[in-house]
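See below for the structure under consideration.
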2 protein chains.
Amino acid sequence: MTTTDTLSIREMCDTFDVTPRTLRFYEAKELLFPIREGTRRLFTRRDRARLTLILRGKRFGFSLEDIRQILDMYDRDGSNEAQMQRTYELAKDRLAQMEAQRAELDVAIAELRTEIDASEHLIHGFRRAAE
Amino acid sequence: MTTTDTLSIREMCDTFDVTPRTLRFYEAKELLFPIREGTRRLFTRRDRARLTLILRGKRFGFSLEDIRQILDMYDRDGSNEAQMQRTYELAKDRLAQMEAQRAELDVAIAELRTEIDASEHLIHGFRRAAE
DNA sequence: AGAGAGCTTGACGTTAACGTAAATGTAACG
DNA sequence: CGTTACATTTACGTTAACGTCAAGCTCTCT
């Protein structure tokens, strides 16, 4: 039962629907840390977990740098109190940013919805008046 | 009562809180069409109306190219039903995107909040157990 | 006339997140 | 052993939306 539990770059690409360039880029940016078998990369379970979080973060609209910091927060040395305090502050800042972003998004959505409603009237006319 | 009804580039910047570079850039991209008094730009009422729409569009997350196309459509023939329909579709797509993004943002915020709560416990200990 | 202030047109710089191409290596297959 | 199929590093290219000089008009005030 010697399961390797690592994926080649191609297997990673197929699994996550990304290009090799992307994986190498993420490694260069220290978001992933595949081990090497000679010159080839082998992506561990940890890399896969991180990539999942990276892609989710991207869907949220975060930059890779934001994501890197958040990921670091997850695997920092949990025993150092000062470190944890820092991590905690970072997370709180991040949360504040996210909530601000959400608030702006809410406003934009409301505005756009108003525009669309107006547009709808202009296009289709006021049905009630015609019937 | 000879009101000029045009603004200098500086007046525009002050009014809309943008830089001169931005206004010149928008002109180069054919989003604005200020008239010239010698070499200087004079922004008309129309330019102001367009800039208002441009800035709103940006808040909605449209690219300048998207915005240019939408403005052009209004220009060409504001009464053309087909073109209005197209604008309407564009706006609806954008709204859907924004709502999806907000939904994901909500999830991310909730997750991050959970992390922070856990972090808080680890840092400060469980007060209830200590008292 | 000289000094600013403010405008103009280039034109190169910047950031993010990869794309893409070139040159090279290496492992397996027939 | 030669070819095919991927892998690797290096490095320049790309897009968006401006920023940031540089160098030169042109008013106006003194």
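Residue numbers begin at 1 in each chain, while the letters A, B, ... track the order of the sequences.
You'll find the side chain of L64(B) reaches within 4.5 Å of the side chain of F25(B), heavy atoms only.
Counting to the nearest Å, the C1' atom of dC18(D) and the CZ atom of R68(B) are 18 Å from each other. When the P atom of dC27(D) is taken as reference, atom CD of E37(B) falls 9 Å away, rounded to whole Å. Residue R24(B) contributes atom CZ, which lies 14 Å from atom C1' of dA11(C) at whole-angstrom precision. Going from atom CZ of R41(A) over to atom C1' of dT8(D) covers 7 Å, rounded to whole Å. Atom P of nucleotide dC18(D) and atom CG of D17(B) are separated by 12 Å, given to the nearest angstrom. For the pair I9(A) CD1 and dG25(C) P, the interatomic distance rounds to 19 Å; values are reported in whole Å.
When the options L32(B), L7(B), I35(B) are evaluated for a side chain to side chain contact (heavy atoms under 4.5 Å, CB included) with D47(B), the one that passes is L32(B).
One finds no side-chain N or O of R10(A) lying less than 4.0 angstrom from the OP1 or OP2 phosphate oxygen of dT8(D).
When every heavy atom of T19(A) is checked against every heavy atom of C13(A), the shortest pair comes out as C-SG, 3.5 Å.
The pair R40(B)-E11(B) does not count as a salt bridge, with every side-chain nitrogen at least 4.0 angstrom from each carboxylate oxygen.
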Stepwise salt bridge (charged side-chain N to carboxylate O under 4.0 Å, His left out) check, R68(A) with E65(A): CA-CA 5 Å; R68(A) 194 184 59 76; E65(A) 178 53 25; 2.8 Å; yes
Stepwise side-chain hydrogen bond (donor to acceptor under 3.5 Å, both in side chains) test for D117(B) and T114(B): CA-CA 5 Å; D117(B) 286 349; T114(B) 301; 5.8 Å; no
Distances under 3.5 Å between nitrogen or oxygen atoms of protein and nucleotides 14-21 of chain C:
residue : atom : partner : partner atom : Å
dA17(C) : OP1  : L64(A)  : N            : 3.1
dA17(C) : OP2  : L64(A)  : N            : 3.4
dC18(C) : OP1  : K58(A)  : NZ           : 3.3
dC18(C) : OP2  : Y26(A)  : OH           : 2.6
dC18(C) : OP2  : K58(A)  : NZ           : 2.8
dG19(C) : OP2  : T19(A)  : OG1          : 2.8
dG19(C) : N7   : R21(A)  : NE           : 3.2
dG19(C) : O6   : R21(A)  : NH2          : 3.2
dT20(C) : O4   : R21(A)  : NE           : 3.0

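For P20(A) and R40(B), each mapped to the nucleotide of DNA chain D holding its nearest heavy atom, the one lying further toward the 5' end belongs to P20(A).
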